*Asks:* 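First the structure, then my questions, so here it is.
Numbered from 1 within each chain, the chains take letters A, B, ... in sequence-line order. Small disclaimer: the values here were computed from a predicted structure and weren't measured.
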Amino acid sequence: MGRKILFVTTDQQRYDTLGCNGGNIARTPVVDALAAHGVRYERAVPQSVVCMPSRSTILTGQYPSTHGVWMNGVPLPVDAPSVAAQLYRAGYRTALVGKPHFEPFLDPFGKFTENSLSGQGRETAENQPWFDGSTGPHRGFEHLEFATHGGAGQLHYARWLMANHPEAIGMFYPVLDATFEVNAAGGGDTNAPQVRMNAMPKEWYHTDWVADRTISWLNSLQADDDWFCWMSFPDPHHPWDPPESEIGRINWHDVDLPANYPTSAAEREAVLDAKPRHWRKWYDGELVSNYEAPKHWVPATLTADQLREVTALNAVECELIDEALGRVMAAISARGWGDDVDVIFTTDHGELGGDFGLMFKGPYHVDGLMRLPLIWRPAPSAGLQPSVVSRPVGLIDLAPTFCAIAGLTPADWMQGTPLPVHDVDADQRGIDCVLTEWDSELFGVAVHLRTITRDGWVCTAYKPGYVHDGTEGELYNLADDPLQRANLWGDPAYAAARRDLVAELWDRQPPEHSPRLALVAPV
Amino acid sequence: MATLRREIRIHRSANDVWTVVGRPEMLHLWFPGVASCTVDGNVRVITLGSGIPMPEEIVTNDSIQHRFQYRITSPLFKQHLATIDVIDLGDDTCEVVYSTDAEPAVMALVIGGATTGALEELRQQFESGIGPALDAVAASSVHPGGNN
């Protein structure tokens with residue numbers, strides 16, 4: 001019997017929303033306890049700051065350029081490499097419960113397995129022509145139960161809600177508007193975008209459903225099974241519509257504004273003007289370069305109270321996740337597995353959360369989106385000492401880490417390395433750098449970024465695009481400027497550092513998927 | 001209004017490819033995600049894989065230019081026009097260009113995105129000589145390469 005793996009992801013969660021990372025709004029005692037007994041990473045970086053490319057990196061252990069999911073709306077091929085398949089072949093029982101998003105959600109043609117499984121009343125995809133039994137029914141997972149950010153759609157949670165509580169379907173905030181754009185409609189006390197008072201009981205909310213279904217699957221296993229369970233919470237991604245019964249936990253009037261929210265418009269505009277042009281253009285409502293932010297919302301209209309309310313609701317969602325994880329941990333203990341389970345907690349990317357006066361996400365490679373919560377609580381039976389790792393690591397390192405936990409050699413196609421367990425380990429293995437990519441081409445608007453995080457620097461080079469000529473960039477010193485307000489890209493005093501970082505950035509670019517995969521949906 | 005274009009080169013003559021593209025009742029045989037379709041005059045109703053019916057108006061079916069155009073008339077769209085051109089490249093190959101103009105813009109991406117798979121399916125059937133669209137053409141006694 002080997003070590004079992006509970007892999008917990010949230011969606012779009014900021015680093016500073018956890019108590020163990022210094023957050024003081026949401027109470028997260030379960031994750032904090034995992035951190036206290038495990039490894040807490042202070043500079044975990046995604047390889048993409050949007051869902052589909054980032055989740056594909058987690059599953060494949062490859063950069064977006066290599067697995068080919070270069071933006072949301074590009075489906076990961078069904079035969080793409082999968083760490084879950086590696087584990088399945090090694091005898092692990094495998095499940096994915098919650099939000100998958102390796103394939104587009106907007107799927108009226110019903111082409112994608114993720115969307116069709118629940119309609120078939122199935123939790124596996126064994127009936128697909130590509131299923132040969134060797135790698136698990138779908139992407140290496142033998143059991144799949146899916147949910148996303150609301151009650152609409154074709155996934156298992158939506159069908160469960162329709163079957164059991166149909167009156168609750170309309171209680172969620174409608175993620176899309178009548179023109180299928182990300183909804184900009186306001187709600188709550190402050191008319192903040194993507195906010196709604198949700199009358200749904202907590203027990204019907206997707207956070208509890210994901211935990212319930214995870215526990216159900218775990219309880220179906222034999223005591224001596226080895227297992228890998230990816231429990232994937234849709235929150236705290238917008239919309240911010242947690243059950244109304246829970247919002248009293250945090251009074252938004254009492255919430256401090258985020259440290260990186262410049263309170264005066266003049267200050268916000270000065271900071272944005274020092275960055276490449278698409279920053280300020282988005283703020284002013286002149287250019288929405290990506291689908292993930294509401295098209296009809298203008299960041300410059302964000303008020304301090306709206307930001308306080310969104311921050312509070314986001315924190316409520318983080319607390320609900322923490323409590324749900326606590327229930328799953330209790331179920332694991334009840335099965336007698338407590339000493340043999342590794343728990344890894346992270347998210348796919350961050351949330352701007354008011355930084356620079358912005359919310360949501362897009363082609364902006366700064367800490368709000370790039371610095372992620374990552375906690376690894378090794379199985380107590382492994383005997384590893386708790387630690388804090390400050391060296392940069394990536395979500396690309398998760399797949400080889402899962403292999404290492406299972407006693408497997410990471411596959412040749414994995415491009416990361418098993419996570420270090422302390423800084424000395426990182427230094428001995430030369431772990432000092434991580435890359436991030438952004439590519440988007442939406443209705444003629446193209447944005448292409450490449451970023452390196454190394455030696456306390458974050459350096460982003462821009463390729464030519466709709467508003468960029470290929471000479472722009474961003475350079476931040478994380479020690480001197482932790483809020484990344486001073487862009488040093490054009491400062492002659494830092495030209496040598498910039499040259500060195502850019503040279504390594506291009507030297508380390510991963511091989512590109514060929515042929516380029518097609519964009520077939522907005523998300 | 002958003003506009004998208006997808007294209008593919010097929011190593012068969014334009015006349016051959018037109019025998020399928022010019023038959024609106026055969027769309028479901030080469031467009032993945034279209035479960036079925038019926039044609040009555042210039043009205044075609046397709047049913048998507050998700051079960052959603054989608055009424056369309058056939059605007060152009062020009063066997064001389066090898067151009068097929070249709071509008072989706074579902075209230076999901078404010079405007080829509082799709083154009084499929086089969087362009088003779090003069091070497092027994094052709095370029096098939098599938099254009100989508102639509103409002104809301106997001107729907108252009110959803111529908112236009114699906115045409116990528118349709119063009120690839122069309123290419124595979126013609127270049128392999130095997131596929132349900134070709135079977136249907138044969139069954140209807142239309143000689144491939146004919147210009148009916």
Side-chain angles (χ1 to χ4, degrees), chain A residues 52 68-69 71-75 77-78 103-120 128-129 152-155 158-159 175-184 288-296 440-445 515-523, chain B residues 1-9 27-37 45-56 72 74-80 82 96 98-124 132:
Chain A
M52 290 180 67
V69 182
M71 68 178 284
N72 274 346
V74 178
V78 291
E103 298 163 7
F105 284 141
L106 269 180
D107 180 25
F109 292 93
K111 292 191 301 182
F112 301 113
T113 300
E114 287 177 11
N115 300 314
S116 63
L117 275 180
S118 70
Q120 300 166 13
Q128 294 296 322
Q154 301 161 289
L155 303 184
R159 293 181 66 84
V175 177
L176 303 181
D177 66 17
T179 62
F180 305 97
E181 298 285 355
V182 175
N183 203 342
V288 181
S289 62
N290 56 299
Y291 183 76
E292 293 78 16
K295 181 179 180 180
H296 301 295
S440 60
E441 295 174 6
L442 193 64
F443 303 128
V445 178
R516 189 192 203 207
L517 298 178
L519 173 69
V520 300
V523 67
Chain B
M1 176 77 89
T3 184
L4 292 176
R5 187 187 67 228
R6 302 284 186 264
E7 59 273 320
I8 200 165
R9 185 176 185 178
L27 183 72
H28 61 296
L29 301 178
W30 60 277
F31 197 121
V34 175
S36 63
C37 64
V45 179
I46 66 171
T47 302
L48 306 184
S50 60
I52 300 172
M54 197 76 80
E56 299 171 338
I72 297 175
S74 160
L76 289 172
F77 291 79
K78 285 185 181 172
Q79 297 184 64
H80 174 267
V96 184
Y98 204 139
S99 304
T100 304
D101 302 297
E103 188 179 357
V106 173
M107 291 308 287
L109 191 50
V110 171
I111 301 292
T115 65
T116 304
L119 291 176
E120 179 57 27
E121 175 66 20
L122 195 64
R123 186 192 66 77
Q124 284 190 11

*Asks:* I need the residue from B:P104, B:G51, B:G112, B:G117 with the largest number of non-hydrogen atom pairs under 4.5 Å to chain A.
*Replies:* B:P104
*Asks:* Kindly give the heavy-atom pair with the smallest separation between A:K111 and B:P32, and that separation in Å.
*Replies:* CD-O, 3.8 Å
*Asks:* Counting only non-hydrogen atoms closer than 4.5 Å, does B:I46 touch chain A with its backbone (N, CA, C, O), its side chain (CB onward), both, or neither?
*Replies:*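 Contact with chain A involves no heavy atom of B:I46 at all.
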*Asks:* Determine whether more than 12 heavy atoms belonging to other residues, nucleotides or ligands lie under 6.0 Å from atom CZ of B:R5.
*Replies:*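 No, not enclosed.
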*Asks:* Contact between B:I52 and A:F109 at the side-chain level, heavy atoms closer than 4.5 Å - yes or no?
*Replies:*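 No, their side chains stay 4.5 Å or more apart.
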*Asks:* Contact part of B:F77 toward chain A, heavy-atom cut-off under 4.5 Å: side chain, backbone, both or neither?
*Replies:* neither
*Asks:* At a 4.5 Å cut-off on heavy atoms, which part of A:L176 comes close to chain B: side chain, backbone, both, or neither?
*Replies:* neither
*Asks:* Given a strict heavy-atom distance threshold of 4.5 Å, which part of A:N115 is in contact with chain B: side chain, backbone, both, or neither?
*Replies:*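 A:N115 has no heavy atom closer than 4.5 Å to chain B.
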*Asks:* Please name the pair of heavy atoms, one in B:S50 and one in A:Q154, separated by the smallest distance, quoted to 0.1 Å.
*Replies:*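 Nearest pair, atom of B:S50 first, then A:Q154: CB-NE2, 3.7 Å.
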*Asks:* With a 4.5 angstrom heavy-atom cut-off, could you sort out which part of B:M107 is near chain A: side chain, backbone, both or neither?
*Replies:*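 Contact with chain A involves the side chain of B:M107 alone.
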*Asks:* Determine the option with the most heavy-atom pairs under 4.5 angstrom with chain A, choosing from B:V110, B:L48, B:V106.
*Replies:*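 Of B:V110, B:L48, B:V106, B:V106 has the most heavy-atom pairs under 4.5 Å with chain A.
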*Asks:* Side chain from CB out, backbone as N, CA, C, O: work out which of these in A:F443 comes under 4.5 Å of a heavy atom of chain B, or both, or neither.
*Replies:*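 Just its side chain gets close to chain B.
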*Asks:* If you compare all heavy atoms of B:T116 against all heavy atoms of A:A518, which two are closest, and at what distance to 0.1 Å?
*Replies:* CG2-CB, 3.6 Å
